[in-house]
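Since the model is a prediction, treat every value here as computed from it, not as a measurement.
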Amino acid sequence: KYLMASPIRMGQKTNQYVEITAKGFELIKENWPFEIDNPLFKSDSVMHDLQLNEVVLKFERLKSFQAFYTENLLQSSSVLKTDLPFRDLARLYADGALMLTGPEGLPYVYAVEFEQSKKAPERYLEKLQAYYRVEGIDGILYIFSDQAIANSLVKVDAEVCLEGSSLLYLSSMESVLCSRDKLYFENRKSDGIELF
């Protein structure tokens with residue numbers, strides 16, 4: 001009883017997904033490099049989290065990959081909630097925090113957001129304004145499922161970031177999943193970034 005299987009409808013088929021139980025967590029909790037004192041196991045949006053997991057698997061294949069902290073993990077550790085920049089990412093309910101090693105061996109931290117459905121411009125405005133106040137992140141990686149989402153984010157980013165560099169980097173879910181060794185994210189003010 002370390003894992004629990006649950007059904008999920010995917011198109012015309014019913015599949016199963018597996019999640020850890022409290023008993024299973026007790027078995028692995030010592031493996032984390034920090035205390036997880038308020039563990040969250042449940043997903044509020046299973047399809048979103050399953051698709052985000054596919055993205056995380058792509059991140060893990062990058063040579064520069066150090067770690068990925070999911071939203072649940074950011075919410076589960078009082079240590080992460082007090083450590084910049086994870087404190088702010090937890091407060092903003094980021095879908096995750098991606099840590100990479102840069103060309104000079106320096107650490108890079110990116111907020112990660114995965115958008116499946118378009119939201120009102122006001123919601124993007126509020127979220128991006130909050131992200132621009134976060135200390136210690138090198139950018140916001142937004143992975144989108146529809147070009148209309150990207151268009152709305154770019155428009156709002158132009159309102160939020162009038163001067164200076166834009167922190168918003170965009171890539172489609174399709175592009176991320178099709179890539180092999182590198183991931184490319186576009187930015188409206190620069191050539192974007194390539195993660196490898």
Side-chain angles (χ1 to χ4, degrees), residues 34 38 40 43-45 47-49 51-56 58-59 62 64-100 102 106-176 183-195:
F34 44 80
N38 184 29
L40 300 174
S43 171
D44 293 332
S45 178
M47 280 305 297
H48 173 275
D49 292 345
Q51 290 181 318
L52 179 60
N53 192 56
E54 291 182 51
V55 172
V56 174
K58 286 292 187 176
F59 288 151
L62 298 172
S64 60
F65 179 81
Q66 281 187 5
F68 185 86
Y69 300 142
T70 63
E71 177 182 352
N72 273 10
L73 195 54
L74 291 168
Q75 299 300 321
S76 295
S77 173
S78 59
V79 173
L80 288 179
K81 284 184 175 180
T82 59
D83 187 17
L84 277 176
F86 306 115
R87 173 192 72 197
D88 292 333
L89 298 183
R91 184 180 47 80
L92 292 173
Y93 292 93
D95 285 332
L98 175 64
M99 294 181 61
L100 301 173
L106 299 173
Y108 283 75
V109 178
Y110 292 95
V112 175
E113 292 287 346
F114 172 49
E115 286 291 316
Q116 289 181 296
S117 56
K118 189 174 181 224
K119 295 181 175 58
E122 297 79 32
R123 296 252 327 257
Y124 291 135
L125 180 66
E126 183 181 317
K127 189 86 165 184
L128 287 179
Q129 284 175 331
Y131 270 127
Y132 276 97
R133 290 190 293 267
V134 171
E135 294 180 49
I137 62 170
D138 296 288
I140 313 149
L141 304 180
Y142 253 97
I143 297 136
F144 57 89
S145 60
D146 184 283
Q147 187 60 43
I149 296 169
N151 295 345
S152 185
L153 282 164
V154 167
K155 185 175 179 182
V156 170
D157 188 57
E159 293 175 37
V160 174
C161 179
L162 297 173
E163 298 175 12
S165 300
S166 169
L167 293 176
L168 179 66
Y169 297 93
L170 300 160
S171 187
S172 70
M173 179 70 162
E174 181 182 7
S175 176
V176 169
L183 299 175
Y184 183 73
F185 286 82
E186 295 180 8
N187 178 281
R188 68 179 181 81
K189 283 193 163 188
S190 70
D191 294 333
I193 54 170
E194 193 173 60
L195 309 178

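- Residues Ile193 and Asn187 fail the side-chain proximity criterion, which asks for heavy atoms closer than 4.5 Å.
- Remark: Asp95 pairs with His48, Leu52, Glu71, Glu113, Phe114 by the side-chain contact (heavy atoms from CB on, under 4.5 Å) rule, at least two apart or across chains.
- Side chain of Ser171 to main chain of Phe185: no donor-acceptor pair is present (N/O by atom type, distance under 3.5 Å, no hydrogens or angles).
- Between the side chain of Gln75 and the backbone N or O of Ala90, at least one donor-acceptor pair lies under 3.5 Å.
- Of all non-hydrogen atoms in Pro121 and Val156, the two that sit nearest each other are O-CG2, 3.9 Å.
- Not a single side-chain hydrogen bond (donor to acceptor under 3.5 Å, both in side chains) links Gln129 to another residue, sequence neighbours left out.
- When atom types are taken as modelled, the side chain of Ser76 and the backbone of Leu40 share a donor-acceptor pair closer than 3.5 angstrom.
- Residues Ala111 and Ile137 approach most closely at CB-CD1, 4.5 Å, considering heavy atoms.
- Atom NZ of Lys119 has more than 12 heavy atoms from other residues, nucleotides or ligands within 6.0 Å.
- Contact record, Ser165 with Tyr132: O-CE2, 4.1 Å, taken as the closest heavy-atom pair.
- For Lys189, there are no salt bridge (Lys or Arg N to Asp or Glu O under 4.0 Å) partners, not counting sequence neighbours.
- Shown here for Pro85 and Gly136, the closest heavy-atom pair between the two residues is CG-O, 3.6 Å.
- In this structure, CD1 on Ile149 lies 8.5 Å from CD on Gln116, to the nearest 0.5 angstrom.
- With Ser77 contributing its side chain and Leu74 its backbone, the two residues share no donor-acceptor pair below 3.5 Å.
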Can you check side-chain contact (heavy atoms from CB on, under 4.5 Å) on Tyr124 and Leu168, steps first, answer last? CA-CA 12 Å; Tyr124 291 135; Leu168 179 66; over 6 Å; no
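- In terms of heavy-atom proximity, Ser190 sits nearest to Tyr169 at OG-CE2, 4.4 Å.
- The backbone N or O of Tyr110 lies less than 3.5 Å from no partner atom in the side chain of Asp138, so there is not a single donor-acceptor pair.
- Looking at heavy atoms from C-beta onward, Met99 lies in side-chain contact with Val109 at the 4.5 angstrom threshold.
- Taking both residues in full, the closest heavy atoms of Val79 and Thr82 are given as O-OG1, 2.9 Å, listed atom of the first, atom of the second, then distance.
- Atoms OG and CE, on Ser175 and Met173 in that order, are 11.0 Å from each other to the nearest 0.5 Å.
- The 12-atom threshold is not exceeded at CZ of Arg123, counting heavy atoms of other residues, nucleotides or ligands nearer than 6.0 Å.
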Under the side-chain contact (heavy atoms from CB on, under 4.5 Å) criterion, do Leu89 and Tyr131 qualify, and how do the steps go? CA-CA 8 Å; Leu89 298 183; Tyr131 270 127; 3.7 Å; yes
side-chain contact (heavy atoms from CB on, under 4.5 Å) assessment of Thr70 paired with Asp49: CA-CA 9 Å; Thr70 63; Asp49 292 345; over 6 Å; no
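- Scored by the ring-ring contact (aromatic ring centres under 6.0 Å, His included) test, Phe86 finds Tyr69 as partners (sequence neighbours excluded).
- Residues forming a side-chain hydrogen bond (donor to acceptor under 3.5 Å, both in side chains) with Glu159 (at least two apart in sequence, or on another chain): none.
- To the nearest 0.5 Å, the span separating NZ on Lys81 from CZ on Phe34 amounts to 12.5 Å.
- Separation of atoms CG (Leu62) and CG (Leu98) is listed at 7.5 Å; rounding is to 0.5 Å.
- Atom CG in Asn151 sits 8.5 Å away from atom CG in Asp146 (nearest 0.5 Å).
- Counting only heavy atoms from C-beta outward, the side chains of Ser152 and Lys118 approach each other to under 4.5 Å.
- Take Arg188 and apply the salt bridge (Lys or Arg N to Asp or Glu O under 4.0 Å) test, not counting sequence neighbours, and it matches Asp157.
- Atoms CG and CG, from Leu141 and Leu183 in turn, are 9.0 Å apart once rounded to the nearest 0.5 Å.
- Enclosure of atom CG in Asn38 by more than 12 non-hydrogen atoms of other residues, nucleotides or ligands within 6.0 angstrom is indicated.
- Between Ser64 and Phe59, every side-chain heavy-atom pair lies at or beyond the 4.5 Å cut-off.
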